[in-house]
Amino acid sequence: MTRSTRERIIDEALRLFAERGYAATSVAEIEAASGLSPGAGGLYRHFKSKYEVLAAAMNEHAARTRAQITETLTELSVVDTSTGVEERLAHLCGLGLAKVREERQLTRVFFRDLSQFPELVVTVREGLLQPMFDAITMWFRAQPEYAGAAADWPAIGAVLGGAVINYQLFEETVGEPPGRVERDRFVASWVRLALGLLPRPAVQAIG
């Protein structure tokens with residue numbers, strides 16, 4: 001599908017912000033990367049400023065994340081009881097790792113540049129990060145093995161979601177996974193951790 005000029009500007013700006021930093025990226029460079037004549041003002045036909053491009057990127061990624069999570073939870077709401085809970089957990093972990101990796105450019109901008117834009121920190125927190133944690137909570141509550149279980153699902157989601165985010169961020173920033181543990185081993189350990197966090201009646205139910 002052909003991207004619109006506006007979409008190209010947002011995508012290329014985010015890539016440049018991730019690679020060079022917001023302050024070090026000029027409007028002319030964004031225009032050139034987007035296929036516009038650098039310095040001719042083409043960007044300003046779609047955005048009022050470089051900041052508006054950054055804000056649009058944050059808002060659109062947040063909106064896309066909410067839509068993806070809604071779609072994924074709808075698909076996962078039909079629980080295949082022939083599939084063991086361990087396999088379902090591994091699939092959930094894989095989805096989380098893929099989502100964090102998908103947002104790696106935004107993540108770099110978030111940690112490098114967004115401290116100067118607190119309103120955009122709120123956008124990312126409420127539109128991208130918190131929905132990911134909420135999705136884990138909703139997933140657990142939807143599983144038949146955990147029906148009626150007395151558990152602090154938001155806290156469990158924070159632990160498990162935090163582990164997924166840390167694994168992918170560590171790999172992106174350091175260049176290798178934490179502890180040099182490859183993905184398959186991480187997922188297997190994450191599943192064991194998840195099972196260990198379950199309240200006793202739920203563990204017995206799946207055992």
Side-chain angles (χ1 to χ4, degrees), residues 58-104 106-107 110-111 114 118-174 177-207:
M58 300 300 113
N59 280 288
E60 293 194 11
H61 276 251
R64 184 177 68 187
T65 294
R66 288 192 293 268
Q68 287 174 336
I69 287 174
T70 298
E71 181 180 351
T72 299
L73 287 176
T74 299
E75 293 173 354
L76 296 178
S77 64
V78 182
V79 179
D80 182 2
T81 54
S82 66
T83 302
V85 68
E86 292 89 348
E87 186 174 342
R88 277 178 264 148
L89 281 165
H91 181 59
L92 178 67
C93 183
L95 290 175
L97 289 170
K99 178 57 183 173
V100 178
R101 179 171 176 77
E102 177 187 322
E103 300 295 348
R104 59 189 179 277
L106 185 148
T107 300
F110 180 86
F111 284 107
L114 287 201
E119 70 282 3
L120 297 184
V121 172
V122 173
T123 296
V124 175
R125 183 186 70 218
E126 299 301 324
L128 197 152
L129 296 175
Q130 190 58 47
M132 291 176 65
F133 287 107
D134 292 341
I136 297 175
T137 298
M138 289 185 282
W139 184 89
F140 273 109
R141 287 174 171 160
Q143 304 310 299
E145 292 88 351
Y146 312 143
D152 188 349
W153 294 123
I156 291 173
V159 171
L160 296 175
V164 168
I165 292 172
N166 177 73
Y167 181 88
Q168 198 62 53
L169 289 184
F170 195 98
E171 189 170 45
E172 290 292 334
T173 55
V174 178
R180 297 178 178 170
V181 174
E182 61 270 18
R183 175 191 164 105
D184 289 348
R185 289 171 58 203
F186 171 79
V187 172
S189 292
W190 189 90
V191 170
R192 289 195 295 272
L193 172 64
L195 294 173
L197 289 171
L198 299 179
R200 186 174 299 276
V203 172
Q204 291 175 347
I206 65 176

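None of these values were measured; they are calculated from a predicted model.
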Problem set entry | Full working for side chain to side chain contact (heavy atoms under 4.5 Å, CB included) between Leu128 and Phe110 | CA-CA 12 Å; Leu128 197 152; Phe110 180 86; over 6 Å; no

Problem set entry | Heavy-atom neighbours of Glu87 CD exceed 12 at 6.0 Å | no

Problem set entry | From Leu160 atom CG to Thr137 atom OG1, the distance as rounded to the nearest 0.5 Å | 9.5 Å

Exercise. Distance only, no hydrogens: is a donor on one side chain within 3.5 Å (strictly under) of an acceptor on the other, for Ser189 and Arg192?
Worked result: yes

For this session: Heavy atoms only: give me the nearest Ile136-Gly161 pair and the separation to one decimal.
Result: CD1-CA, 3.5 Å

Exercise. Which atoms form the tightest heavy-atom contact between Leu97 and Val164, and what is the distance?
Worked result: N-CG1, 3.6 Å

Exercise. For residues Gln68 and Glu71, is any side-chain donor paired with an opposing acceptor at under 3.5 Å?
Worked result: no

Problem set entry | Between Trp153 and Tyr146, ring centroids under 6.0 Å | yes

Exercise. Taking all non-hydrogen atoms of both residues, which atom of Phe170 and which atom of Pro178 are closest, and how far apart?
Worked result: CD2-N, 3.3 Å

For this session: Taking the side chain as every heavy atom from C-beta outward, state whether Pro177 and Tyr167 have any atom pair closer than 4.5 Å.
Result: yes

Problem set entry | Distance, nearest 0.5 Å, that separates CG of Leu129 from CD1 of Ile165 | 5.5 Å

For this session: Identify the two heavy atoms, one from Leu195 and one from Glu86, that lie closest to each other, and give their separation to 0.1 Å.
Result: CD1-CG, 3.7 Å

Exercise. So how far is it from Arg64 CZ to His61 NE2, rounded to the nearest 0.5 Å?
Worked result: 4.5 Å

For this session: Calculate, to the nearest 0.5 Å, the distance between atoms CZ and OG1 belonging to Arg104 and Thr173 respectively.
Result: 13.5 Å

Exercise. If you round to the nearest 0.5 Å, how far is CZ of Arg125 from CE of Met58?
Worked result: 15.0 Å

For this session: Kindly compute the distance separating CD (Gln168) from CD (Glu103), expressed to the nearest 0.5 Å.
Result: 11.5 Å

Exercise. Please walk me through it: do Arg88 and Val85 pass side chain to side chain contact (heavy atoms under 4.5 Å, CB included)?
Worked result: CA-CA 5 Å; Arg88 277 178 264 148; Val85 68; 4.2 Å; yes

Problem set entry | Ile156 versus Leu197, closest heavy-atom pair with distance | CD1-O, 3.6 Å

For this session: Quick one: closest heavy-atom pair of Trp190 and Leu89, and the distance?
Result: CZ3-O, 3.3 Å

Exercise. Given the rule in the side chain to side chain contact (heavy atoms under 4.5 Å, CB included) test, do Met132 and Val100 qualify, once you have shown the distances and angles that lead to the verdict?
Worked result: CA-CA 10 Å; Met132 291 176 65; Val100 178; 3.7 Å; yes

